[in-house]
Amino acid sequence: APSLDVAAVRADFPILARRVHGRPLVYLDNAATSQTPRQVIATFDDYYGRYNANIHRGLHTLADEATAAFEGTRETVRGFLNAADSREIIFTRGTTEAINLVAYSWGRANLRAGDEVLISRLEHHSNIVPWQLLAAELGFTIRVIPVDERGVLDMAAYRELLGERTKLVAVNHVSNAFGTINPVREMAASAHARGALILVDGAQATPHQAVDVRDIDADFYAFSGHKVYGPTGVGVLYGKAALLEAMPPWQGGGEMIRTVSFEAGTTFAEIPHKFEAGTPAIAEVIALGEALKWVAGVGLGAIGAWEGRLLAHATAAVSRIDGLRILGTAPDKAGVLSFVVDGAHAQDIGLLIDQLGVAIRTGHHCAQPLLAQFGVDATCRASFAAYNTLEEIDVFVEALERVIGMVR
Ligand code: PMP
């Protein structure tokens, strides 16, 4: 497997030198937000210090430079996803906004009473609630692909749920709550065989594995910058060009029009601009491009393999703790370790372990329907990134044992 020089990786992240409550920070909340390498941080200084200007409509040097950097990132993202055409890349505020764009543009134009949208029990709320809001308005039905006791999608049930009425399948590529990797390529093939489209929520996949939207044959694919070593406030919707071209605009405003007239009405810009109303997060988009270049430099093969080692090490170590139960035991998992402990509330563990310098997440992870099936309303979740070390896992497990001893 390709190898990763973790010391070199760590040297790129100034925040890793921080101390928390007097101890070296052990940051294991990467599924919520990953940390940012200095190359990405530097982008903001460079942009605001040298060429801050609104894009696309300027005829001056700074505007040209900003536009070139912004549009250059569209091409970087195209390469990152192996999309065919950079017009298929739409910048959004994040995964949530990307899914809402599909719901309110494609969904409003294409879904009606009698239709079905298939989602799964593994979904993040951002791939549940937009469909619920739209279903209340349009009257279509949401059906849910079940998961088994390992947190793995029931593929036989999925194939049975797919039918004449299914218009869209909306599933995540990797579950943020359990780390389950879903067979989205196979799911896309089944959906397409039934004439349905597939939207893949890639928020948790893009940081851990190379994604090829053409190989998956995804109709839509969404991800967030802040989970893939980039900044907050920016994300991406990939959509097949023919679909995007046929979709109505979602938000109206500047940048997304060709002509506006009170007499003749308004005509819209070509994709992708049709879906990018208003001034975008220019610096954040450019910084996302730097983040994806950083990721490519380290290599997603190396990152995924390293995180696999971290996950295996952590899983083996916490499995020795009395009364600890891991939730999500899929054979195919990305770097997420979710667990509950008998006699110890997740919130208490989270607060106390922070006192020891260890950042994990506790709560429902925006996946309440999934946790409900497992009879819990909160778990502790440690999630891994390229810069985490085996030693940090040992610090975490030792801290966890101490904390459990304190609260039991
Ligand atoms: N989907 C998944 C699987 C996620 O993990 C997240 C973030 N936790 C989201 C969607 C939403 O992403 P954002 O908040 O960046 O829009």
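Counting starts at 1 for both ligands and their atoms, in listed order.
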Compute the minimum heavy-atom distance from R93 to ligand 1 and say whether it is under 4.0 Å.
no
Does a side chain donor of either Q204 or H124 reach within less than 3.5 Å of an acceptor in the other side chain?
no
Residues two or more places apart in sequence or in another chain: which of them pass side-chain contact (heavy atoms from CB on, under 4.5 Å) with D342?
R408
Quick one: does ligand 1 sit under 4.0 Å from the side chain of H226, the backbone, both or neither, non-hydrogen atoms only?
side chain
Subset of ligand 1 atoms that lie under 4.0 Å from at least one heavy atom of A203:
1 (N), 2 (C), 4 (C), 6 (C), 10 (C)
Please check if any side-chain donor atom of T33 sits under 3.5 Å from a side-chain acceptor atom of H226, or the reverse.
yes
Can you sort out the partners of S34 under side-chain contact (heavy atoms from CB on, under 4.5 Å), two or more places apart, ordered by chain and number?
N30, Y229, Y387
Please indicate whether any nitrogen or oxygen in S224 is less than 3.5 Å from any nitrogen or oxygen in ligand 1.
yes
Would K227 count as a contact of ligand 1 if the rule is a heavy atom under 4.0 Å away?
yes
Is atom NE2 of H345 surrounded by more than 12 heavy atoms (other residues, nucleotides or ligands) closer than 6.0 Å?
no
Heavy atoms only: which of T96, T92, T33 lies closest to atom 11 (C) of ligand 1?
T96
Candidates A31, A98, G233, S126; heavy atom nearest atom 10 (C) of ligand 1 found on S126
Will you find, in the side chains of D201 and N172, an N or O donor that is under 3.5 Å from an N or O acceptor?
no
G235 near ligand 1, heavy-atom distance under 4.0 Å?
no
Closest to atom 2 (C) of ligand 1 (judged by heavy-atom distance), picking from D201, I128, T232, I99:
D201
